[in-house]
Amino acid sequence: TFARSIPSSSSSIIVDINSSTAVEFTGECHVHGWMSHRFQSTNPTSIKSARDESFRLVARARQFSSFLLMVGQMSGPGKFKPTDAIIVQNKDEVMIPLLLEEIPSAKDFKDSISSLSPEQKEFAMVVRNLQLESSIFCLCVVQLKPQLEKLLRLPKDALKKEIQLFQDLMELFLEYQVPSDLVTYDGPADASLPDKLDAVKSYVKDVQESIASLKKKQLDHAEQVTDMKLAQDAALPFAQPSAFLMMEDSMALGAAAPTPKSALKVSARNNELAGAKADTRVARKSMSKKAAPHPALSSPGPRQFQQQQQQQQQSPPVHIRPTLFEGSNPNTMKSTSKEEQNLLTNQPDQQLSDSYDVIMSLPKKLDETFEKFDTDNVLCSTKITTRKDWTRTRQANLLSNATTMQLTANDVSKETSKAFDLLDAISRSGSLPISSSSFHVVVATTHRFEHSLMATVIKENLNPIDQMERSFVLMACAIHGDGEAAAANMLETSSFERLQRVYPNLLIANEETNDEQQ
């Protein structure tokens, strides 16, 4: 592979995580050129399947560390369209299978459209340009600790040794979708680092206590509902109020006497209302008696249901206070950075540099270079895509062994949604750019050998190493630029002299290009 770095000051990537949120990435950017090779075989199907299985993208994290990985393609200059994403943390190992799809070379394409009409050729050229643009494979790595420090307004490396605090923050963001304003430091900017950390820890503790309190109230409410349901189910088979008692009660109350069929409906409706509005303390008190009477004798009659309804209407209702968001007022949060205040008013879409225009035109540049210097027509652009059957090795806790599981397409979709939710939280819905990221662009090319390895060496009397080195020189010149990285500057003296004897036209063309630029 060949790599070229783009300065972070001249690069900016925009990622649309949903229809209303766009996140800006201002981290470092690298362009990689990947040269693959393929020998012909008598069974092309088996070779293709083995070749697809042989390439994988492996992501591994250390204990107490985590990062976010996104894979996808470039949708335009400075636009990244992620197709899948996953959070890798605490010794996770994720293996993503890669698929390689070869695009016909420029010479093969021109031969195939030579007999078409001008309109058909124009359409075919547009389709080929789209194919070449889709061959740009991208992956983005976001380091979570530095971005959390920026999000919480903490100094650099403040969370480097705060392992428990980092784990608690990740749990709040991933499991409970807590807004970042609840745990962001909002004190004086000139405070010491221990004071800032103590403030953030207190915010995290308050949120955790609020979540625990809400969990306890929900569990108590669920137990009360279950107790009431059991009490009603136990009393229903033994004591069912008859239609005639309902008629007497309704006549005593001054209402019209219902028919027996309607009386059963009124009885069922009264039972539902009584079960829904009964006081939970009455149910718990009745369940705690040592010697409960027979259910037929203790079942409430219609008059008792009416009395209970009147008592419930007079008693004040019980309210559960939502304490999760108490103790924080987003309106009182003050930004200590002028850069953040400007980002709140400006849109993330800004004028991009010409670096990404060069990246978008790189596949076409490679195609033109191969058409000019690849006289054997063995080089072709290759499109990289990911399969949906991922593999993840995870250790549940420090005392257990690591287990490997297959992630289906549904599992990958869930992991992608979880990663995008975290990305939305650590970027404040796109208002805070992510600088702790590294963006990698991969452009792949395949060198196709017409025969097998033994047939190429013995039958064709060719040295495959020399041909591969020529392909490497072509790709390196396209990645780094003809004028900035000539073949003579990239190769050692002995290799340059050997290639000059084998492929004189290639090196002469590079020297002529350099003379024209000078």
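Quantities reported herein were computed from a predicted structural model and do not represent experimental measurements.
- Here CG of N90 is found 9.0 Å from CD of Q395. Values are rounded to the nearest 0.5 Å.
- Under a 3.5 Å cut-off, the side chain of R56 and the backbone N or O of P97 do not form any donor-acceptor pair.
- Across all their heavy atoms, T416 and T83 have their closest contact at CG2-O, 4.4 Å.
- Salt bridge D411/K388: absent, no basic N to carboxylate O contact under 4.0 Å.
- When all heavy atoms are compared, the tightest approach of V141 to F67 is CG1-CD1, 3.8 Å.
- For the pair Y203/L182, no side-chain contact is recorded, criterion being any heavy-atom separation below 4.5 Å from C-beta on.
- Side-chain contact check for V15 versus K79: every heavy-atom pair is 4.5 Å or farther apart.
- A salt bridge (Lys or Arg N to Asp or Glu O under 4.0 Å) with E162 is found for one member of K201, K196, K145 and no other, namely K201.
- By the 4.0 Å N-to-carboxylate-O rule, E371 lies close enough to K110 to be salt-bridged with it.
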For a side chain to side chain contact (heavy atoms under 4.5 Å, CB included) check, start with the C-alpha distance between L99 and T386, then their side-chain angles and the critical distance, and finish with the verdict.
CA-CA 6 Å; L99 296 177; T386 59; over 6 Å; no

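- For Q177, the CD atom is densely surrounded, since the number of other residues' heavy atoms within 6.0 Å is greater than 12.
- The heavy-atom pair separating M475 from G33 by the smallest distance is SD-C, 3.5 Å.
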Please evaluate residues L100 and I384 with respect to the criterion side chain to side chain contact (heavy atoms under 4.5 Å, CB included), reporting the C-alpha separation (whole Å), side-chain torsions for both, the decisive distance (0.1 Å), and the verdict.
CA-CA 5 Å; L100 303 183; I384 304 176; 3.8 Å; yes

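- In this structure, CG in D421 is found 8.0 Å from CD1 in I17, a value given to the nearest 0.5 Å.
- Residues K150 and P433 have side chains in contact (heavy-atom distance under 4.5 Å, counting atoms from C-beta outward).
- Between Q147 and S435 the shortest heavy-atom distance is OE1-N, 3.8 Å.
- Not counting sequence neighbours, the partners of D92 by the side-chain hydrogen bond (donor to acceptor under 3.5 Å, both in side chains) test are R394.
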Start with the C-alpha distance between D111 and S114, add both sets of side-chain angles, then the distance that settles side chain to side chain donor-acceptor pair (under 3.5 Å), and finish with yes or no.
CA-CA 5 Å; D111 293 341; S114 59; 5.8 Å; no

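- Taking 4.5 Å as the limit, some side-chain heavy atom of V142 sits within range of a side-chain heavy atom of C140.
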Given F439 and F80, is the ring pair (Phe, Tyr, Trp, His ring centres under 6.0 Å) satisfied, shown in steps?
CA-CA 10 Å; F439 190 74; F80 174 48; 5.2 Å; yes

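- Summarising the local packing, CD1 of I465 is surrounded by 12 or fewer heavy atoms from other residues, nucleotides or ligands at distances under 6.0 Å.
- Applying the side-chain hydrogen bond (donor to acceptor under 3.5 Å, both in side chains) criterion to N129, with sequence neighbours excluded, gives no partner residue.
- Residue S36 comes nearest to F55 through the heavy atom pair OG-CZ, 4.0 Å, listed as atom of the first residue, atom of the second, then distance.
- Other residues, nucleotides and ligands place more than 12 heavy atoms under 6.0 Å from the NZ atom of K121.
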Any chance you could lay out the side chain to side chain donor-acceptor pair (under 3.5 Å) test for D108 and S105, step after step, and finish with the verdict?
CA-CA 5 Å; D108 294 339; S105 63; 3.1 Å; yes

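- Contact of the D466 side chain with the R470 side chain is not registered, since no non-hydrogen atoms from C-beta on lie closer than 4.5 Å.
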L169 and L152: CA distance, side-chain angles, deciding distance, side chain to side chain contact (heavy atoms under 4.5 Å, CB included) verdict
CA-CA 10 Å; L169 289 170; L152 303 178; 3.5 Å; yes

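- Separation of atoms CG (D367) and CG (L362) is listed at 11.0 Å; rounding is to 0.5 Å.
- Between the side chain of D374 and the main chain of N377, a donor-acceptor pair closer than 3.5 Å is present.
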List the steps and the verdict of side chain to side chain donor-acceptor pair (under 3.5 Å) for T393 and T404.
CA-CA 4 Å; T393 303; T404 302; 3.1 Å; yes

Before you tell me yes or no, could you show the steps for F449 and H451 under ring pair (Phe, Tyr, Trp, His ring centres under 6.0 Å), namely the whole-Å CA-CA distance, both residues' side-chain angles and the distance that decides it to 0.1 Å?
CA-CA 6 Å; F449 289 94; H451 303 282; over 10 Å; no

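- Taking 4.5 Å as the limit, some side-chain heavy atom of R428 sits within range of a side-chain heavy atom of T184.
- Looking only at side-chain heavy atoms (C-beta outward), V23 and I14 stay at 4.5 Å or farther from each other.
- Atom CD1 of I103 is separated from atom OG of S134 by 5.5 Å, given to the nearest 0.5 angstrom.
- Inter-residue side-chain proximity for V94 and V58 is flagged as unmet; no heavy-atom pair is nearer than 4.5 Å.
- With hydrogens and angles left out, the side-chain atoms of Q406 and T391 include a donor and acceptor closer than 3.5 Å.
- For the residue pair S192 and D195, a side-chain donor N or O sits within less than 3.5 Å of a side-chain acceptor on the partner.
- In summary, E415 and R392 engage in a salt bridge, as defined by a charged side-chain N under 4.0 Å from a carboxylate O.
- In this structure, I434 CD1 and S427 OG are separated by 5.0 Å, a value rounded to the nearest 0.5 Å.
- When all heavy atoms of S452 and T456 are compared, the pair lying nearest together is O-OG1, 2.7 Å.
- Applying the 6.0 Å contact sphere to NZ of K91 captures no more than 12 heavy atoms from other residues, nucleotides or ligands.
- Looking at S429, its side chain never comes within 3.5 Å of a backbone N or O of A425 through a donor-acceptor pair.
- A side-chain donor-acceptor contact under 3.5 Å links T21 and N18.
- Within the 3.5 Å criterion, the main-chain N or O of K81 finds no donor-acceptor partner in the side chain of Q73.
- Distance check, rounded to the nearest 0.5 Å: CZ of F137 to CG of L98 gives 5.5 Å.
- A salt bridge between E102 and R38 is present, with a side-chain N of the basic residue lying under 4.0 Å from a carboxylate O of the acidic one.
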May I have the step-by-step check of side chain to side chain contact (heavy atoms under 4.5 Å, CB included) for M468 and V473, ending in yes or no?
CA-CA 9 Å; M468 288 296 298; V473 171; over 6 Å; no

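- Cation-pi geometry between R128 and F109 is satisfied (NZ or CZ under 6.0 Å from the ring centre, within 45° of the ring normal).
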I'd like to know whether T382 forms a side chain to side chain donor-acceptor pair (under 3.5 Å) with T446, so could you lay out the CA-CA distance, the side-chain angles of the two residues, the decisive distance to 0.1 Å, and finally the verdict.
CA-CA 6 Å; T382 305; T446 301; 2.5 Å; yes

